[in-house]
Amino acid sequence: MIEARRLHILRAVADHRTVTAAAAALYLTPSAVSQQLTALEQETGHRLVERSARGVRLTAAGEILLAHTNAVLAQLERAEAELAAYSSGAAGTVTLASFATGIGLVVAPALTRLAESSPGIRLRVQDAEGDASLPMVLDRQVDVAVAVEYRGAPGADDPRLTRVPLYAEPFDAVLPVAHRLAGSDWVPLADLAKDAWIGPFPGNPCHDVVVLACEQAGFQPVLEHTSDDFRAVVALASAGAGVALVPRSALRGMDVADVAIRPVDGAAPTRRVFAAVRCGAETHPLIAPVLDALKDAAAEDQ
């Protein structure tokens, strides 16, 4: 008989590629993870992982079991949801991870909605970049992620996750007021090819959006200044340090008197934001109202 908790460990090892990283995500010791993998191999009668200096990879048998693991864990999430509904689980805590702008735009309004529609649900929120929140959901560190599309992100057809689209927003060009294009109605990205750029660190989903947009315009941006804080990005632009692309919602409430904010000419780079839960958990009586509140908050803001 295969134990479900060992399947969860197998998936964590497949996701993180090393026993040490999987152990950290699961709050276990590496030796405990190795012991559970060995036990799982004994249960199945197959070698499931291969270890090397570069980490761990699944064998062909491991890949077969992983495909079933995703289905089994999703079904267990559904079972928990139905049992919670049966016992009328209208009160409890849901944990959510979101990037800062998402918290302001949809999570905080969702909190207000939940207080009125589902007062028994307590939503605990933590700040996490869009590329960090999805692994947190898969590792069961949080229940819900508000995340951003990025290169390498799990796709919409990933069997581990259920995704709920929330909103899409364009990036605007942020220029020093003395910039040669500050008086333009629209800014062609190709005209900024020789400028110094200010942007997020590599690994931040917004970094991917900026770099991809510039590549599509025919150049690689020279990032002379980096910050994941858009207030810092705008401050540097106001000091004449360079140009930037910033999500439109991130500019709300900022002091932008010393910069010129202009829409991008043509197809503007876009940040696509969605909520994600473990597949099968979307019907849980505590999680479903949170997803509904997030969708309503996003629709009201558009």
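Predicted, not measured: the structure shown is a model, and the values here were computed from it. Excluded from the calculations below are hydrogen atoms, water molecules and symmetry mates; all remaining heavy atoms, backbone and side chain alike, are included.
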CZ of Arg57 to CG of Leu48, rounded to nearest 0.5 Å, is 12.5 Å
Option from Val106, Val146, Leu105 for which side-chain contact (heavy atoms from CB on, under 4.5 Å) with Ser98 holds | Val146
Only one of Val233, Val234, Leu251, Leu175 forms a side-chain contact (heavy atoms from CB on, under 4.5 Å) with Val259, so which one is it?
-> Val234
How long is the gap from CD on Gln141 to CG on Leu26, to the nearest 0.5 Å?
-> 8.0 Å
Do Thr20 and Thr18 have side-chain N/O donor and acceptor atoms under 3.5 Å apart?
-> no
Exercise: identify the closest heavy-atom pair between Val142 and Ser133 = CG2-O, 4.4 Å
Is there a side-chain contact between Val137 and Arg278 (heavy atoms, below 4.5 Å)?
-> yes
In terms of heavy-atom contacts, does CZ of Arg272 have more than 12 from other residues, nucleotides or ligands at under 6.0 Å?
-> no
When rounded to the nearest 0.5 Å, the distance separating OG1 of Thr93 from CG of Asp143 is 9.0 Å
Can His179 and Asp195 be said to form a side chain to side chain donor-acceptor pair (under 3.5 Å), step by step?
-> CA-CA 10 Å; His179 193 275; Asp195 285 85; 2.9 Å; yes
Mind checking the CG-OG1 spacing from Leu40 to Thr69? Nearest 0.5 Å is all I need.
-> 7.5 Å
Cut-off 3.5 Å, side chains only: do Thr162 and Glu282 have a donor facing an acceptor?
-> yes
Taking the side chain as every heavy atom from C-beta outward, state whether Leu7 and Glu3 have any atom pair closer than 4.5 Å.
-> no
Derivation and outcome, salt bridge (charged side-chain N to carboxylate O under 4.0 Å, His left out), residues Arg47 and Glu41 | CA-CA 6 Å; Arg47 186 180 181 187; Glu41 289 180 329; 5.3 Å; no
Run the salt bridge (charged side-chain N to carboxylate O under 4.0 Å, His left out) check on Glu77 and Arg160 step by step: do they pass?
-> CA-CA 11 Å; Glu77 293 282 357; Arg160 300 170 298 171; over 6 Å; no
